[in-house]
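Quick caveat, the model's predicted, so the values are computed rather than measured. Note on naming: letters A, B, ... go to the chains in the order of the sequence lines (proteins, then strands), and numbering restarts at 1 for each one. Every heavy atom of this structure was used, including side-chain atoms; hydrogens, water molecules and symmetry mates were not.
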Amino acid sequence: MKYYSFGEPSGRFIGYSQGFKVYATTIARQYTDMRQPEKKAVPQGEFYFGYGPSTGGMIESVGVDLLTPGELITEAYVNPSYKQRNVTIRGRTIGDASLIVERINAFHCAAHSIAFASAVEDALGFDLPDGIAHTRIIALELERIRSNLLVIERMCQPAGFGVPANQLAILREEATRIVSRATGHRYFFSSISPGCSMMNLSGVGNAVRKISSTFSRIYDDLLESKVFMSRLINNGKVSIDSLIGPAARASGQARDARIDSATLPYSRFGFTPVLHETSDAFARFQVRSEEILQSAGIVSDALNGASNTGKMEKLEGDGEGAARVESPQGDLFYYVKVENSIVRDIVMVSPSSSNIAAFTQSMKGNIFTDFHFNWESFGIWISEAGVVLQ
Amino acid sequence: MSNLWFLNGIRKGIVTEKFPKTPPEDPPAWPSMLSGAGDARCPVDAIDGNGWNMDKCIFCRRCTPAYSPTGNQDIFTVESEAPIFHRSLYIYPLDSGSCGGCNVELMNIFAPHYDANRLGLFITNSPRHADAILVMGVFTEGMEDPLRLAYEAMPDPKIVIALGSCAISGGIIGDPALDISKYNVRIAGCPPSPYTIIKALIAAKGV
C-alpha cells in the first residue's frame, strides 16, 4: 500500500466499518459496534413517531424513529438495515467484483468504481497514466454535478417549489444524458474498471457549460426567495468532529479527499474547497450549489489531456491496496487484498454512514416540517450505508 | 431570469418529448435489446445455448462483440395486461433492496423530459390507493414483511411489476425480491431507462 498503512490513528477521521476505523493516512484495526443504538426510554408526554421503511417521501427504504412531544423532535434514530444487502465479493475475480461495486450505489457508480479501481491499482502496483486520471476526474465531477442537482431539487420539493424543482430535474436529466452519450450508460456502468476508463468526451465541455450557466441563474433566484431560505436557515445545525464532505465544508472545515488525493491531480486545476460557516441546511445548500459551478470549471480544465484506455492488460499479482475519493457525499474509502486476480478481502467505508450519524445529531431541537429539508441536505444513500460486503 | 417563478416556468417552454408517439430522442446504448447469436461470456448466465435472456441480463458488456446493443428500449415482458387501468394506473413503489438506480429512473419518468402523468401513470404513497406494486431490488430479510403487508393492503384487482434485473432474477447481487411467477410485468435493465419503464407501464395497461 503506497498511500495507507495499518497502524495507530493519524490525521483526520474518515469513517468506519465493523473491523476498521479509517483516518487520513492510516487504517486502525478497531472494532465498531454497527448495531442500531438502543432507543432512549420514552419520557412522559412524548412518543416515538415511526416513519418508513417504505414511504413515498424517501427515495429508498429506510426506517426513521422520531421522539417527540408533538412537534419538537428530541431524538432521532435512522435504521438503514431494512434493505441490508449481504453481497459476496470475496473470492470473486477483480472483474466480477467491479460489476458488484458499481451496483453498491448506482447513482454514485463513478465514485465507487474509481475508489475500488484505485485500490486495486495500488495493490497491483499499477501507475495510473495522466490521461486516465483526467478522465476519472471528469467522471467524478460530472457525477457531483448530477448528485448536487438532485439534492437541491429534493430540497425544493417539500417547499412546494415546483418550478425550480422541475427546472433542476431538466438539468439533472441533461447531465445524465451527457454521461449516457460519453459512456453508453446513464450511470457509468462498465465504463470504469482497474486500469481503465472509457469515455467519449466530445461535446462534454459545451454541454456542461450550458448546465452551469442555467444553474447559476436558478441558484441566484433561489437565494432571493425568502420563503425557501427560511426553511433552510437554522435547520439541522451540526458541527460535530466527525463531519465529512459537504456537511463538513458547510461548517467551515476544509475536509475534502480532493485536497489529499495522491492519484488524481486536482491540485493541477487549483482546487480549493467551497466553504460556508453556518453548519445548517442552508450552508449545505450553498456548498452543494457552488460546487456544481466549481465542478463544471474542473471538467472544462480536465478535458485538456484526458484520454481513454482499453482494459488493463494484466490484472495479476498479489497485494493490498487502499484508496479514497471525494464522492458527492464525502470521503469514500476502499481497501482490497488481491491474490492472483481474486479479491480475498474488501472493506468499504461509505460517506452515507457518517452522514446518517450527523443527521441524527442535527435533528435534535428541530420540528417535523424541518425533516425533509434537513434529510435531503445531507444527500444520504441507504444503498451504500446498508450494504454488507462479504 | 425573473424571480417570478411562474413566468420562469413559462419561459422555459416545453421540454417533454412526444415519446411514445415518436421514437426516443436520446436512448442509451446500454441497457437496450441485444442482437447477436451463439455463446459468450456472461457473469449471470443470461447467455446460454438458447441465446440471450433479457430477464437475467445486467447489460455489463462482457458479451461484446458476439452481442451488441441495438438501442431498442422495448426490453420488458407483460404476462397479463390489466385493461381496467387503461385510463390511469396508480403505482406504489417498493424498494426491496436496490442500489438506488431503479429508484432514480422511476422518479425520472415524472420529470419534465418524460412527464408520465400525461400518459395516465401516477405514483401513490399508500398501497391502499394503488393499482400496482412496483418492486425494485433484490430480496432482503428486512423488507420481506413490508412487501407482503403492502401487497395485502392493496385493493383488488392489482398487478405486480418487477423493475430491473435485481427484482426479476437477483442480477449479480443476490436473489430476486419475489419468485418470477408472481410478476405480471417484468421490466428488464440495470437499471431500465425511463423510456423502457414508460413503454412497459403503458403496455401493462393494455393500451
Side-chain angles (χ1 to χ4, degrees), chain A residues 52-63 79 81-88 95-96 99-100 102-109 150 161-164 166-167 169-170 172-174 176-177 180-181 183-187 189-191 214 217-218 220-221 224-225 381-384 386-387, chain B residues 1-3 5-9 12 15 25-31 43-44 58-62 69 92-105 107-108 110-114 123-127 137-138 140-143 146-147 149-150 166 171-174 190-191 193-194:
Chain A
S54 185
T55 168
M58 312 290 255
I59 296 177
E60 297 180 279
S61 293
V62 56
N79 181 358
S81 63
Y82 278 99
K83 59 173 274 188
Q84 178 178 303
R85 294 174 296 160
N86 300 315
V87 183
T88 305
D96 282 358
L99 295 179
I100 292 172
E102 288 172 349
R103 289 159 176 82
I104 287 174
N105 178 212
F107 200 61
H108 299 103
C109 165
L150 177 65
F161 225 177
V163 174
N166 279 313
Q167 292 190 340
I170 291 169
R172 188 166 54 78
E173 176 65 18
E174 282 166 6
T176 301
R177 291 182 178 193
S180 175
R181 287 191 289 267
T183 68
H185 191 281
R186 286 163 61 86
Y187 296 94
F189 282 13
S190 298
S191 65
T214 308
R217 289 196 295 273
I218 295 172
D220 287 345
D221 284 355
E224 283 181 28
S225 171
W381 282 83
I382 301 303
S383 45
E384 66 176 12
V387 69
Chain B
M1 198 183 279
S2 162
N3 198 26
W5 286 102
F6 172 73
L7 290 178
N8 284 347
K12 184 73 186 169
V15 298
E25 283 180 17
D26 209 340
W30 303 89
V44 289
I58 59 167
F59 302 86
C60 66
R61 317 185 197 194
R62 287 266 180 90
Y92 181 73
L94 192 135
D95 170 6
S96 167
S98 78
C99 65
C102 291
N103 313 45
V104 176
E105 290 298 48
M107 199 166 72
N108 284 343
F110 301 100
H113 278 88
Y114 305 99
I123 292 286
T124 174
N125 291 338
S126 166
V138 294
T140 55
E141 273 181 30
M143 289 307 293
L147 173 53
L149 291 169
C166 287
I172 196 168
I173 297 294
C190 188
S193 77

Partner chain A: residue of [options] with the largest heavy-atom pair count (under 4.5 Å):
options                       : answer
B/P191, B/P69, B/C166, B/G137 : B/P191
B/A150, B/G174, B/G142        : B/G142
B/V15, B/T124, B/N108         : B/N108
B/G101, B/A111, B/C60         : B/C60
B/M107, B/R62, B/E141         : B/R62

Out of [options], return the one with the most heavy atom pairs under 4.5 angstrom to chain B.
options                       : result
A/G56, A/S61, A/G95           : A/S61
A/D96, A/L150, A/V87, A/V387  : A/D96
A/R103, A/R181, A/E60, A/H108 : A/R103
A/A106, A/G63, A/G162, A/A169 : A/A106
A/G386, A/S383, A/S180        : A/S383

Does A/Q84 offer a backbone N or O that forms a donor-acceptor pair with the side chain of B/T140 under 3.5 Å? no
Does the pair A/S54 and B/Y92 meet the rule for a side-chain hydrogen bond (donor to acceptor under 3.5 Å, both in side chains), with working shown? CA-CA 10 Å; A/S54 185; B/Y92 181 73; 2.9 Å; yes
Tell me, for [X] versus chain A, whether the close heavy atoms (under 4.5 Å) come from the side chain, the backbone, both or neither.
X      : answer
B/C190 : both
B/L149 : neither
B/P127 : neither
B/S98  : both

What is the ring orientation for A/F107 with A/Y187, classed by angle as parallel under 30°, tilted 30 to 60°, or perpendicular over 60°? tilted
Taking side chain as C-beta onward, heavy atoms only, is [X] less than 4.5 Å from [Y]?
X      : Y      : answer
A/Q167 : A/D221 : no
A/I100 : B/I173 : yes
B/P31  : B/I58  : no
A/E173 : B/P112 : no
B/N103 : B/P93  : no

Ring centroid separation A/F189 to B/W30 under 6.0 Å: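 Distance test on ring centres: not under 6.0 Å, no.
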Identify which part of A/I59 has an atom lying under 4.5 Å from any heavy atom of chain B, answering side chain, backbone, both or neither. both
Distance-minimising heavy-atom pair for B/P28 and A/R186: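 Where B/P28 meets A/R186 most closely, the heavy atoms are CG-CD, 4.0 Å.
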